[in-house]
Amino acid sequence: MKEIFNSYFDNRELSWLKFNERVLEEAEDNSLPLMERLNFVSIFCSNLDEFFMVRAGTLHDQTLLKDGKKDNKTGLSPSEQLAKIAARTAELLPRKEKAYWDIINGLKEYGVEQVYPDQAASPEEAHWIEKYFTKEILPLLSPTVVDKTHPLPFLKNKELYGGAALKSSGSKHIVFGVVPLTASDVFNRIVFLPSERGKIRFMLMEDLIINYIDKVFPNFEVCDRNIFRITRNADIDADEALYDHDVDFRDVMEELIKKRKKLAPIRIELFARQSTIDKELLAKKLGLEMSSDFIFVQNCPLDFGFVGDIRDKLTDKTELFFDHRTPQQPVMVSRHESMIRQADNGDMLLFYPYENFGAFIRLLDEATVDPTVVSIKITLYRVARDSKIINALIRAAENGKDVLALVELRARFDEENNIGWAKRLSDAGVTVIYGLDSLKVHSKLLLITRRIGNEITYITQVGTGNYNERTSKLYTDLTLITSDKEFGTDASLIFNNLSVGVAVESSSTLWVAPNCLKSRVVEMIDREITYGKDGYIGIKMNSLTDIDIIQKLVEASKRGVKVELIIRGICCLVAGIPGCTENITVTSIVGRFLEHSRIYIFGKGDRRKLYISSADFMTRNTERRVEVAAPIKNKAIQTELLAIFDTMLKDNVKARVQQPDGTYKRKERKEGEPLLDSQQFFYEQAYRSAEATANSVVEDRRRTVSQSVGSSPKTKNEAVQSTKTVVKPKTVVKVKRVTKK
């Protein structure tokens, strides 16, 4: 069995590192604007931070349990996986360094230069730098000398520190000095040097402090100096903690967040421009029992939180950035008609970030004041920090609506944010629940219930992405809005079950994990297997790790079924292996926007079934979360989704194709084939559609004016003027809310 596993399985953690390598490739791409490449360097590093905190942290914990259980796909033990992670990371970091310095050198042509304090352009600049440090920074520092009477201070997760090997006069004994280098509430991360107009010369605060660290420890000789950063394990089991508490879940999560900040170190990063580092000695001085394989020495900044400050200084240099794009009016939505009325008239599909998130906000805003609306229920996983959705829910509660919000407090790294929203919603009169003890609620589900006379009607929204205005401009996602009664009935069942802490056992239309999503997926794959070479499966998602689904897809491939997978991130299935997965292709698109939408396609022609979903095919999604997949019944929307999927398969700019050895290569462009960047194509399409719609509205109104009989010149002019205001970008159109009779 192990030999079979090795043939078509890839390890989850190593597959993730391959994904992050694809992010790094964007930073290395000379065709991209320089500041966008720098942003990809930052994303690569923040991705790696989370990977070590969560995934490497989990494996580290498993090694403490007699090396834990082995990976069920590749047979690797936790310690073996950690060794491979360390080796692969060590291979990627030099590429990150090279990409960073290539970008920095390229920025010199635009008058942007990073300098070190010992690289002053003139004696006057050197004097300014030293004076700035002495007067503005030195008084704010809090150094510590670690010796028998002074213990090592707690080192915060992902914070930068200066380390110095110190020797007092007349002594051969070396002590270790530590000073925090970042304190955003005290001083800025970047120091901008006085420069001539049009030029930007900057230093990073850590470089400034470490250069003058002899002034920080004036009574010692500085024998060595370095900048270091600790990454701590952040893997907390909230469910396990619940079993030991009989208190409010919010209180449990607040305690766990505090605990996370103090968990065991997993990784040390070092920047040693002015020294040669003895990694083992440093770990010993820091009191950390850690393999040297997880101490990474780098020749570039260890934290890229400063990138935003540089961007803000360069907004006038448009050639350094992607072309500006603005989400457009959704094709299936009229800005001049009530969203509730439009939902009554037919299904609507929204496609972010190409189309505006505002249409969904409009729907909520209407529901807060519509007299027929009796309740609004929603699941919240991640929301924006200044959330219009939260504000709408509060207004609805204040207007006497029955509002229920399930706030998932276990949304990793958003726990504090969600705890705050839960308190605010609760204070405003919203019924707040936290979901099931053992299951995260990851679904993106909204139910608006109305009473019209004696009839109960629903508007249901099912999405692939979070209710977050900020990420809706950065992530590709889909939202379906429908008044289909079957959707509403199932959604009502889901919320009723969540309210009493019970998972949905069965549903008629929506697929609901953990009990009735994976089984439906397997059934649909089995159905296509019966068609053999006439079978078809197309799936777009973020990750594929579920071993049962993988084995079903392999079975389908062996029976001749064509399987096309578009997977941005982790893929534990290796495609293209002769006699095994030869009928499967895996495409990954990494570009300007983060691919986040999930689309399931089963079959061809009349038997074709399409779904959008919040669920990836990961075991955590299919078995340990509440997820929702929705069938697409509307023919026009089916056509739209198929076109989206097909366009992404044809991408030959940002697409990488998985090879039979598990590596990824950029898709080869056939001779004479035009370049196709699917994300750019979708935005251009959205612009064209919005322009066509605006022109159509103008033409309709002009036609109305020309057909008017007996209109005075004044009335006609006013009507013509109204057609002009329609196409102004900032025109605000008041929506007339219409109640269905």
Side-chain angles (χ1 to χ4, degrees), residues 1-19 21-22 70-76 80-81 84 88 518-519 521-589 599-605 607-609 616-619 622 645-646 648-652 655-668 670:
M1 182 63 72
K2 185 175 181 179
E3 182 179 349
I4 295 175
F5 282 178
N6 287 338
S7 68
Y8 64 77
F9 280 122
D10 197 1
N11 176 263
R12 169 183 169 147
E13 319 311 339
L14 299 181
S15 179
W16 185 91
L17 286 170
K18 291 173 186 176
F19 156 67
E21 181 181 13
R22 299 194 288 277
K70 294 184 177 182
D71 173 33
N72 65 353
K73 301 176 185 69
T74 57
L76 295 172
E80 289 172 329
Q81 293 178 71
K84 288 181 178 292
R88 187 67 186 119
K518 180 175 175 176
S519 59
V521 170
V522 170
E523 286 173 10
M524 296 302 288
I525 297 174
D526 278 334
R527 187 190 72 159
E528 292 310 302
I529 289 174
T530 65
Y531 288 94
K533 293 183 179 180
D534 290 329
Y536 178 80
I537 299 167
I539 307 289
K540 180 186 181 297
M541 54 192 163
N542 300 322
S543 299
L544 171 63
T545 69
D546 189 297
I547 190 169
D548 299 320
I549 293 178
I550 290 174
Q551 290 175 327
K552 271 295 171 187
L553 292 173
V554 172
E555 182 183 346
S557 174
K558 290 179 177 179
R559 294 286 293 274
V561 178
K562 185 177 183 180
V563 181
E564 294 179 316
L565 305 177
I566 302 174
I567 303 175
R568 183 196 81 226
I570 302 168
C571 181
C572 292
L573 166 65
V574 178
I577 299 173
C580 185
T581 59
E582 62 186 3
N583 291 308
I584 302 176
T585 59
V586 176
T587 301
S588 174
I589 294 176
I599 303 171
Y600 310 160
I601 307 170
F602 301 99
K604 304 175 181 177
R607 76 167 191 276
R608 183 185 288 122
K609 303 290 184 184
D616 294 315
F617 289 169
M618 303 180 75
T619 307
T622 58
F645 194 85
D646 185 58
M648 297 189 74
L649 286 176
K650 292 178 180 177
D651 189 311
N652 56 21
R656 283 85 164 172
V657 179
Q658 190 193 56
Q659 306 300 302
D661 63 356
T663 61
Y664 287 77
K665 292 184 179 179
R666 287 188 182 270
K667 188 174 183 178
E668 294 183 4
K670 298 176 183 178

Note: C580 and Y8 closest approach over all heavy atoms is SG-CD2, 3.3 Å
Rounded to the nearest 0.5 Å, the CD atom of E528 sits from the CD atom of E555 at a distance of 13.0 Å
Look at the side chain of T581 and the backbone N and O of G576, then say whether any donor-acceptor pair between them is shorter than 3.5 Å. yes
Next on the checklist: Are the side chains of I525 and L553 in contact, using a 4.5 Å heavy-atom criterion?
Outcome noted: yes
Note: S588 and I567 closest approach over all heavy atoms is CB-O, 3.2 Å
**Prompt:** Taking side chain as C-beta onward, heavy atoms only, is L573 less than 4.5 Å from V554?
**Reply:** yes
| Salt bridge check: are R88 and E21 linked by an N-O gap of less than 4.0 Å? | yes
### Message
Taking G535's backbone N and O only, do any of them form a donor-acceptor pair with R559's side chain (distance below 3.5 Å, no angle check)?
### Response
no
Is the distance between the ring centroids of F617 and Y600 less than 6.0 Å?
yes
One should read off an interatomic distance between I599 CD1 and I539 CD1, to the nearest 0.5 angstrom, of 10.0 Å
Q. Have N11 and Q81 got a donor and an acceptor in their side chains that come within less than 3.5 Å?
A. yes
query = Is there a donor-acceptor pair under 3.5 Å between the side chain of K18 and the backbone N or O of C571?
reply = no
Closest non-hydrogen atoms of S15 and G569, given as atom of the first, atom of the second and distance, are OG-O, 4.3 Å
Closest non-hydrogen atoms of I550 and C572, given as atom of the first, atom of the second and distance, are CD1-CB, 3.9 Å
Are I549 and V521 packed together at the side-chain level, in the sense that at least one heavy-atom pair is separated by less than 4.5 angstrom? yes
Nearest heavy-atom approach of D616 to M541 is OD1-CB, 3.4 Å
CE (M648) and OG1 (T587) are apart, to the nearest 0.5 Å, by 9.0 Å
Is a side-chain N or O of K540 found less than 3.5 angstrom from the main chain of I601, in a donor-acceptor match? no
NZ of K533 to CG of N583, rounded to nearest 0.5 Å, is 8.5 Å
Distance col, row Q551:CD vs D546:CG, nearest 0.5 angstrom, shows 9.5 Å
Query - Stacked cation flag R22 on Y664, 6.0 angstrom / 45 deg - result: yes
| For the side chain of E668 and the backbone of R666, is there at least one donor-acceptor N/O pair under 3.5 Å apart? | no
Closest non-hydrogen atoms of V574 and S7, given as atom of the first, atom of the second and distance, are CB-O, 4.4 Å
- prompt: How about M618 and R12: do any of their side-chain heavy atoms sit closer than 4.5 Å?
  reply: yes
Side-chain contact test, heavy atoms from C-beta onward, threshold under 4.5 Å: evaluate it for Y531 versus R607 and give yes or no.
yes
So OG1 of T622 and CD1 of I547: to nearest 0.5 Å the spacing works out to 11.5 Å
Any side-chain heavy atom of F9 within less than 4.5 Å of one from N72? no
